[in-house]
Amino acid sequence: MTPEEILTHIRNIPNFPKQGILFKDITTAIQKPEVFHAIIDNMYDKVKNLEFDYIAAIESRGYLFGAPLAYKMNKGLVLIRKPGKLPAKVVRQEYSLEYGTDALEMHEDAIARGQKVLLIDDLLATGGTVKAAAGLIDQVGGKVTGGLFLLELKALSSQANLPFSVYSLIKC
Ligand code: AMP
């Protein structure tokens, strides 16, 4: 299944969670096993030749793709979480989204100095979320190899100026 075919299984919800946002609903894609397989297999093809030690997945939809990809690639999975969820000592980074503001946290001992990390999330819009995630990796001395996304909203991401490579399956 091609990325274009995968896109036909992603539902557009206008004005969610607020007016003016066209929400890309991936639930309709991942509930079909053949589409979920195709997403992970296409993601694998995008990053199979990259060098990295960990996949760091961004809560919460990043987990849906980060976990099976880490399993398939035999890489460690690091969780980047919303505030207050991780039990041990964390590093923290504030950020702003397409809608609202928030912060992300990661265990400070999750990644050692010099280790290479592939960030993963479902969607890249303004880049604020993945930049904050990259900030966490920087804080502990890790190195971001790239950011992997199922969807990239071109109109917004073109302004993002991310200091690492972006690998997206579908630009729309
Ligand atoms: P941004 O920080 O602007 O790049 O936004 C990316 C984050 O917000 C991702 O974690 C997405 O899950 C979520 N997000 C932003 N815009 C949308 C959208 N139009 N549809 C679905 N999720 C979105």
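When a ligand or atom number is given, it counts from 1 through the structure's own listing order. The structure displayed is predicted, hence computed values, not measured ones.
A cation-pi geometry, defined here as NZ or CZ lying under 6.0 Å from the six-membered ring centre and within 45° of its normal, does not hold between K75 and Y54. Cation-pi geometry between K46 and Y167 is not met: the NZ or CZ atom fails to fall both under 6.0 Å from the ring centre and inside 45° of the normal.
Checking side-chain atoms of T145 against main-chain N and O of F52 turns up no donor-acceptor pair under 3.5 Å.
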**OP:** Test H9 against K32 for side chain to side chain donor-acceptor pair (under 3.5 Å), laying out the working first.
**Re:** CA-CA 9 Å; H9 296 277; K32 296 169 191 127; 3.3 Å; yes
**OP:** Please report the C-alpha distance between E94 and R92 in whole Å, then the side-chain angles of each, then the deciding distance to 0.1 Å, and finally whether the salt bridge (Lys or Arg N to Asp or Glu O under 4.0 Å) criterion is met.
**Re:** CA-CA 7 Å; E94 307 283 333; R92 179 187 171 90; 3.0 Å; yes
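Taking distance alone, with nitrogen or oxygen atoms compared against 3.5 Å, T129 approaches ligand 1 more closely than that limit. Of the polar atoms of G127, at least one N or O is found under 3.5 Å from an N or O of ligand 1, judged by distance alone. Among the atoms of I21, none of the N or O lies under 3.5 angstrom from an N or O of ligand 1. Polar contact check, L22 against ligand 1: a nitrogen or oxygen pair lies under 3.5 Å apart.
With distances taken over non-hydrogen atoms, the option nearest atom 20 (N) of ligand 1 out of E59, R61, K131, K24 is K24. The heavy atom nearest to atom 5 (O) of ligand 1, out of those in A125, P17, G147, is found in A125.
The CG atom of L169 lies 9.0 Å from the CD1 atom of I40; values are rounded to the nearest 0.5 Å. Atom CG of D41 is separated from atom CD of E34 by 12.0 Å, given to the nearest 0.5 angstrom.
Heavy-atom contacts of D122 reach the following atoms of ligand 1: 9 (C), 10 (O), 11 (C), 12 (O) (cutoff under 4.0 Å). Close contacts between ligand 1 and T126 involve ligand atoms 1 (P), 2 (O), 3 (O), 4 (O) [criterion: under 4.0 Å to a heavy atom]. Close approach to D121 involves these atoms of ligand 1, each under 4.0 Å from a residue heavy atom: 9 (C), 10 (O).
The proximity of L123 to ligand 1, defined as any non-hydrogen pair under 4.0 Å, involves the side chain as well as the backbone.
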